[in-house]
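Structure, as structure tokens:
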Amino acid sequence: MVVKFQDKQYELISKIKTTGSGTIDLYVACDAARQEDTVYTVACVRDMELARKLVPVTTKKNVNYTFKDLHASFNADGKYYVIFSHAKGRTLQQAMEKGNYDLQERLLLMKNIYAGIFLLNMPQCFLLEVLRKDNIVVDDDLGIRFNYLFTDVDYYWKVQEKDCIERMNGLVHDLFAKEIEQKSSRDLMKYAKDMEEGRFNYLWDCYVAYDNIYESVLTKSEKQELKPGRIWWRAWEGIKKALPKIKMVLAVALILSAAIYLLLTLPNPVMSDNGIAFRQIGTLEIQENE
């Protein structure tokens, strides 16, 4: 099947998937005239109401000119088509499953991811889209390219900066899971914690903070200075995390021990043979009958 727009013709090679609640078909396509080797992702939107909502973020007139991964968008045959660059190769998800990257390579990967999204200057909705391990393609030289597969299409017009930061936070924890878990790099631990606790207001702030620790962590890695935290230090970190629970358990134990002590030491007039004699209640004196 060939889709035509102005002087361009896109030949649909294979179908990727159907998404957007069954309203968007995604295809891999190429130049029908074979005048160039570029491969495209073609999104065929069959729901025109959905297409109307997508227009502001999928047309050249509305999107920053630096977003070069967007090639064209047009109506044809009662459908709305959006043409993106298509990245072939190994995804970050596949690469990480094989575990082939050392820390220095992972540091560079994260730096390239940041550089890629800011150089492309894509709309926030597509930024949220590409910050997935299966939408990031890693080249042999650790260069980064992106795919646009409309995974979050029903959420596009609601995307905020905090959503993108949260998605980037997930990548940070995935890429540096080993260092964070073993507590071998305090710089990375603090950076991940700052992201998780929402201390950055903008994604650019996240990038600047990462750039500030990049050289330091890289140098320590090259000198093999990054080692898992010592046992006593890890134990102390564990105690600090468990401290609120320990306090609660101690408080409950104290209350229970006090209650048991009172029950065992105070006389019980009901259970005692002698009982307790009350001579006065308030101003009223009680006299015993002989």
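- Applying the 6.0 Å contact sphere to NZ of K60 captures more than 12 heavy atoms from other residues, nucleotides or ligands.
- Y214 approaches L107 most closely through the heavy-atom pair CE1-O, 3.5 Å.
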Using the side-chain contact (heavy atoms from CB on, under 4.5 Å) rule, take I144 and I136 through it: C-alpha gap first, then chi angles, then the decisive distance, then the call.
CA-CA 7 Å; I144 296 295; I136 299 173; 3.8 Å; yes

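- In this structure, V130 and N147 have side chains that are not in contact, with every pair of non-hydrogen atoms separated by 4.5 Å or more.
- Within the 4.5 Å cutoff, the side chain of F84 has heavy atoms near those of the F150 side chain.
- Following chains of ILVMFWY side-chain contacts shorter than 4.5 Å, one cannot reach L119 starting from L142, and the two form parts of different hydrophobic clusters.
- In terms of the salt bridge (Lys or Arg N to Asp or Glu O under 4.0 Å) criterion, K158 has no residue partners (sequence neighbours excluded).
- In terms of the salt bridge (Lys or Arg N to Asp or Glu O under 4.0 Å) criterion, K162 has no residue partners (sequence neighbours excluded).
- Interatomic distance, NZ of K178 versus CG of L188, reported as 13.0 Å (0.5 Å rounding).
- For K17, the NZ atom is densely surrounded, since the number of other residues' heavy atoms within 6.0 Å is greater than 12.
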Full working for salt bridge (Lys or Arg N to Asp or Glu O under 4.0 Å) between D152 and R167
CA-CA 12 Å; D152 290 313; R167 186 64 58 79; 3.5 Å; yes

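- Between T59 and N62, the shortest heavy-atom contact is OG1-ND2, 2.8 Å.
- A side-chain donor-acceptor contact under 3.5 Å links Q94 to the backbone of T91.
- Under the rule for a salt bridge (Lys or Arg N to Asp or Glu O under 4.0 Å), the partners of K8 that lie at least two apart in sequence or sit in another chain are E36.
- Residue R145 is tested with D139, N112, N135 for a side chain to side chain donor-acceptor pair (under 3.5 Å); the sole match is D139.
- Nearest heavy-atom pair across I180 and V172 is CD1-O, 4.5 Å.
- Side-chain atoms of L50 and Y80, non-hydrogen and from C-beta on, never get closer than 4.5 Å to each other.
- Using modelled atom types, one side-chain atom of R106 and one backbone atom of L175 make a donor-acceptor pair closer than 3.5 Å.
- Within 6.0 Å of the CG atom in D77, the count of heavy atoms belonging to other residues, nucleotides or ligands does not exceed 12.
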Test Y40 against H71 for ring pair (Phe, Tyr, Trp, His ring centres under 6.0 Å), laying out the working first.
CA-CA 9 Å; Y40 304 94; H71 290 267; 5.1 Å; yes

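- Residue Y202 belongs to no hydrophobic cluster, having no ILVMFWY side-chain heavy atom closer than 4.5 Å to its own.
- Between L171 and L131, the closest side-chain pair of non-hydrogen atoms falls below 4.5 Å.
- Between the SG atom of C206 and the CG atom of N169 there is a distance of 8.5 Å, given to the nearest 0.5 Å.
- Once rounded to the nearest 0.5 Å, the distance linking NZ of K68 with CG of N121 reads 12.0 Å.
- Distance check: E179 CD to S221 OG gives 8.0 Å after rounding to the nearest 0.5 Å.
- The shortest distance between side-chain heavy atoms of Y27 and I13 does not fall below 4.5 Å.
- With a 6.0 Å radius and a threshold of 12 heavy atoms from other residues, nucleotides or ligands, K15 has its NZ atom above the threshold.
- Under the 30°/60° scheme for interplanar angles, the aromatic rings of Y114 and F118 are found to lie parallel.
- The residues D25 and K79 are annotated as not salt-bridged, no charged nitrogen and carboxylate oxygen being separated by less than 4.0 angstrom.
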Show the numbers, then the answer: is there a side-chain contact (heavy atoms from CB on, under 4.5 Å) between M122 and D69?
CA-CA 9 Å; M122 63 188 74; D69 280 357; 5.6 Å; no

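- Residues passing the salt bridge (Lys or Arg N to Asp or Glu O under 4.0 Å) test with D134, sequence neighbours excluded: none.
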Pair L54-V45, side-chain contact (heavy atoms from CB on, under 4.5 Å): steps then yes or no
CA-CA 9 Å; L54 288 173; V45 185; 4.1 Å; yes

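- When atom types are taken as modelled, the side chain of Q9 and the backbone of V3 share no donor-acceptor pair closer than 3.5 angstrom.
- K190 has a carboxylate O that lies under 4.0 Å from a charged side-chain N of D194, or vice versa, which qualifies the two as a salt bridge.
- With contacts defined as side-chain heavy-atom distances shorter than 4.5 Å, the pair L149/T19 does not qualify.
- Criterion: ILVMFWY side-chain heavy atoms under 4.5 Å apart, direct or through other members. Under it, I83 and V137 are not part of a common hydrophobic cluster.
- With values rounded to the nearest 0.5 angstrom, L12 atom CG is found 8.0 Å from C44 atom SG.
- The residues E49 and R52 are annotated as salt-bridged, a charged nitrogen and a carboxylate oxygen being separated by less than 4.0 angstrom.
- Contact between H86 and I16 at its shortest, heavy atoms only, is CE1-CD1, 4.0 Å.
- Around the CD atom of E166, the shell of radius 6.0 Å holds no more than 12 heavy atoms that belong to other residues, nucleotides or ligands.
- You'll find the side chain of L218 reaches within 4.5 Å of the side chain of Q104, heavy atoms only.
- At a cut-off of 3.5 Å, with distance as the only test, no side-chain donor of Q124 or Q160 sits close to an acceptor on the other residue.
- Aromatic ring centroids of F126 and F146 lie 6.0 Å or more apart.
- The only member of Y191, F200, W204 that meets ring pair (Phe, Tyr, Trp, His ring centres under 6.0 Å) when paired with Y210 is Y191.
- Contact record, T58 with V63: N-CG2, 4.1 Å, taken as the closest heavy-atom pair.
- Taking the centre of each ring, Y148 and F67 come in below the 6.0 Å mark.
- Judged by distance alone, the side chain of T219 and the main-chain N or O of E215 form a donor-acceptor pair under 3.5 Å.
- Hydrophobic clustering, defined by side-chain heavy atoms of Ile, Leu, Val, Met, Phe, Trp and Tyr closer than 4.5 Å, groups V159 together with L128, Y155.
- Within a 6.0 Å sphere centred on CG of D102, heavy atoms belonging to other residues, nucleotides or ligands number more than 12.
- The main-chain N or O of V28 is never found under 3.5 Å from a side-chain atom of T41 such that the two would form a donor-acceptor pair.
- Panel note: side chain K111, backbone Y207; no donor-acceptor pair is recorded below 3.5 Å.
- Contact of the I24 side chain with the D47 side chain is not registered, since no non-hydrogen atoms from C-beta on lie closer than 4.5 Å.
- Across every non-hydrogen atom of M168 and L203, the tightest pair is CB-CD1, 4.0 Å.
- If you check the side chains of E129 and T151, you find a donor sitting under 3.5 Å from an acceptor.
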